[in-house]
Amino acid sequence: RLCSRITAMASIALRGNSFHFDELLFSVKPHKGQMQVAAWIRQDLATQEKLQQQSSRLQDRYSIRCAPHIIGVLIDTMPLLKNFIETEINSANDNPIIDATQEKIMHGGHFYGGHIAFAMDSLKNIIANLADMMDRQMALLVDEKFNHGLPANLCGNSSEEKNAHHGLKAVQIGVSAWTAEALKATMPASVFSRSTECHNQDKVSMGTIAARDCIRVLQLTEQVAAALLLACTQAITIRIKQKDFDKNIMSSAVQKMYQEMQQDFDFLESDRPLDKTLRAFIHNIGQEKWELYEQ
């Protein structure tokens, strides 16, 4: 849901075409998760007509236009992964299995975590794709060749010294690095089984390594999301300062979240350290501070 909200904010900042998320459009490719994401973005964009008036483009770039297709994979896959995980943690996972009633000792392979390995390898792949999508959205926002009238690196300085300020350049570099690390970790751990114990343990699941990789990918993706939220806040503020921006193209929920983010992030006019702000945004993501669903 957070990635959907961020996509809506990026679309607003980039003067995007809201008809990319039209309900009729998604009725002809009806993956449930994909349809849900499109609906969330439509809600956040307030009214399609008002946003469409601000866009002269027939097509936005894929990281905006295809966001429901990217995020929707996660939603559609989660029930399967949830079933795998819940079945595994409510099962016998060791060897041997002892049946006290029938006085049997049975040796098997229930220690093998193939379902967990698959779930973690799959989840880290899907989550890293979200990081990659947000990294591309960040790149669009900071590049004056593609951000449709925003300053380079979202620099908020308008004085004669503006060329001496870097805006969010370093933040965008960080986002690119975090995304690269996340994508590198998507190599499936389960295919790297090693034989040990004189070939008794000759095929193992590698599930623990897959789970550790997945945790790291989640951490990195939260960092990317926090940075992109910061960029969206800066970009929308710049649009407002340009005085050709209608706040009503943002839903009331997005307006409220934008105002709440301003409590932790003062408009970046002159370069300053942003590490504390990024940590605050990451904390807010972890604490689910922002209301992302309609009440």
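Checked by atom type and distance alone, the side chain of Gln242 pairs as donor or acceptor with a backbone atom of Gly149 at under 3.5 Å. Side chain of Asn17 to main chain of Gln59: no donor-acceptor pair is present (N/O by atom type, distance under 3.5 Å, no hydrogens or angles). Judged by distance alone, the side chain of Glu144 and the main-chain N or O of Pro151 form no donor-acceptor pair under 3.5 Å. At least one donor-acceptor pair under 3.5 Å links the side chain of Asp76 to the backbone N or O of Gly33. A distance-only check finds a donor-acceptor pair linking the side chain of Asp271 to the backbone of Gly167 [under 3.5 Å]. Judged by distance alone, with hydrogens and angles left aside, the side-chain atoms of Asp99 form no donor-acceptor pair with the main-chain N or O of Lys104 at under 3.5 Å. Of the possible donor and acceptor atoms, one in the side chain of Gln137 sits under 3.5 Å from a partner among the backbone N and O of Ser63. In terms of modelled atom types and a separation under 3.5 Å, the side chain of His148 and the main chain of Phe146 share a donor-acceptor contact. Gln255 places a side-chain N or O within 3.5 Å of a backbone atom of Lys247 that can act as its donor or acceptor partner. Listed for the Gln234 side chain is a donor-acceptor partner under 3.5 Å among the backbone atoms of Leu154.
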Determine, step by step, whether Leu150 and Arg239 satisfy the side-chain contact (heavy atoms from CB on, under 4.5 Å) criterion, reporting the C-alpha distance in whole Å, the side-chain angles of both residues, the deciding distance to 0.1 Å, and the verdict. CA-CA 8 Å; Leu150 292 167; Arg239 289 292 191 203; 3.7 Å; yes
side-chain contact (heavy atoms from CB on, under 4.5 Å) for Phe245 and Ile238? Distances and angles first, verdict last. CA-CA 9 Å; Phe245 180 82; Ile238 290 172; over 6 Å; no
Candidate pair His107 and Asn95, rule side-chain contact (heavy atoms from CB on, under 4.5 Å), full reasoning: CA-CA 6 Å; His107 290 268; Asn95 186 60; 3.7 Å; yes
Please evaluate residues Trp290 and Met261 with respect to the criterion side-chain contact (heavy atoms from CB on, under 4.5 Å), reporting the C-alpha separation (whole Å), side-chain torsions for both, the decisive distance (0.1 Å), and the verdict. CA-CA 9 Å; Trp290 302 300; Met261 287 190 296; 3.8 Å; yes
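Here Arg136 contributes atom CZ and Ile64 contributes atom CD1; the two are 12.0 Å apart, rounded to the nearest 0.5 Å. Once rounded to the nearest 0.5 Å, the distance linking CG of Leu228 with CE of Met138 reads 6.5 Å. Taking CG of Leu80 as the start and CG of Leu123 as the end, the distance is 11.0 Å to the nearest 0.5 Å. Going from atom CE of Met9 over to atom CG of Leu45 covers 11.0 Å, rounded to the nearest 0.5 Å. Distance check, rounded to the nearest 0.5 Å: CH2 of Trp178 to CD of Gln219 gives 12.5 Å. We find the OG-CD1 distance between Ser205 and Ile116 to be 9.0 Å, quoted to the nearest 0.5 Å.
Considering every non-hydrogen atom in both Leu141 and Ala231, the closest pair reads CD1-CB, 4.2 Å. The two residues Glu88 and Gly113 have their closest heavy-atom pair at OE2-CA, 4.1 Å. Here the closest heavy-atom approach between residue Val142 and residue Asn147 is recorded as C-ND2, 3.9 Å. Between Ala67 and Thr7, the shortest heavy-atom contact is CB-CG2, 3.5 Å. Residue Thr87 comes nearest to Asn83 through the heavy atom pair OG1-O, 2.8 Å, listed as atom of the first residue, atom of the second, then distance. Here the closest non-hydrogen pair linking Ile285 and Ala226 is CD1-N, 3.8 Å.
Environment of CD in Glu197: crowded, with over 12 heavy atoms of neighbouring residues, nucleotides or ligands closer than 6.0 Å. Within a 6.0 Å radius of NZ in Lys203, other residues, nucleotides and ligands contribute more than 12 heavy atoms. Sparse packing is recorded around CZ of Arg194, with 12 or fewer heavy atoms of other residues, nucleotides or ligands lying under 6.0 Å away. Counting heavy-atom neighbours within 6.0 Å of Ile105 CD1, excluding the residue itself, gives a total of 12 or less. Heavy atoms from other residues, nucleotides or ligands lying under 6.0 Å from NE2 of His110 number 12 at most.
Both Ile71 and Leu218 are part of a single hydrophobic cluster, where members link through side-chain heavy atoms under 4.5 Å apart. The same ILVMFWY cluster, assembled from side-chain heavy atoms under 4.5 Å apart, contains both Leu81 and Val73. Using a 4.5 Å cut-off between side-chain heavy atoms of Ile, Leu, Val, Met, Phe, Trp and Tyr, with links allowed through other members, Leu220 and Ile215 fall into different hydrophobic clusters. When hydrophobic clusters are built by joining Ile, Leu, Val, Met, Phe, Trp and Tyr residues whose side-chain heavy atoms come closer than 4.5 Å, directly or via intermediates, Leu278 is grouped together with Phe265. Hydrophobic clustering (ILVMFWY, side-chain heavy atoms < 4.5 Å, transitive): Met187 and Phe118 are in distinct clusters.
In this structure the side chain of Tyr258 reaches within 4.5 angstrom of the side chain of Ile240, judged on heavy atoms. Taking the side chain as every heavy atom from C-beta outward, Pro96 and Met106 never approach each other to under 4.5 Å. Side-chain atoms of Val171 and Leu274, non-hydrogen and from C-beta on, do get closer than 4.5 Å to each other. Met120 places a side-chain heavy atom less than 4.5 Å from the side chain of Ile85. Between Leu14 and Asp60 there is no side-chain heavy-atom pair separated by less than 4.5 Å. By the 4.5 Å heavy-atom criterion applied to side chains, Lys29 and Gln34 are counted as neighbours. Two residues are said to be in side-chain contact when any heavy atoms from C-beta on lie closer than 4.5 Å; Ile41 and Ser11 fail this criterion. Taking the side chain as every heavy atom from C-beta outward, Thr233 and Gln262 approach each other to under 4.5 Å.
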Hey, can you pull the donor-acceptor pairs under 3.5 Å for the side chains in residues 126-135, sequence neighbours left out?
residue, atom, partner, partner atom, Å
Asn129, ND2, Asn125, O, 3.1
Asn129, ND2, Asn125, OD1, 3.2

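No side-chain N or O of Thr277 forms a donor-acceptor pair with one of Asp264 less than 3.5 Å apart. Judged by distance alone, the side chains of Gln43 and Ser251 never bring a donor and an acceptor atom under 3.5 Å apart.
Taking a cutoff of 4.0 Å between a charged side-chain nitrogen and a carboxylate oxygen, Lys289 and Glu260 do not qualify as a salt bridge. At a threshold of 4.0 Å, the pair Asp44-Arg1 counts as salt-bridged, since one of the basic side-chain nitrogens sits closer than that to a carboxylate oxygen. One finds no salt bridge joining Lys184 and Asp213 here, because no Lys/Arg side-chain nitrogen approaches an Asp/Glu carboxylate oxygen to under 4.0 Å.
Judged by the 6.0 Å distance and 45° axis criteria, Lys241 is positioned over the aromatic ring of Phe267.
Met35 shares a hydrophobic cluster with Leu25, Phe26; the chain of contacts runs through ILVMFWY side chains whose heavy atoms sit under 4.5 Å apart.
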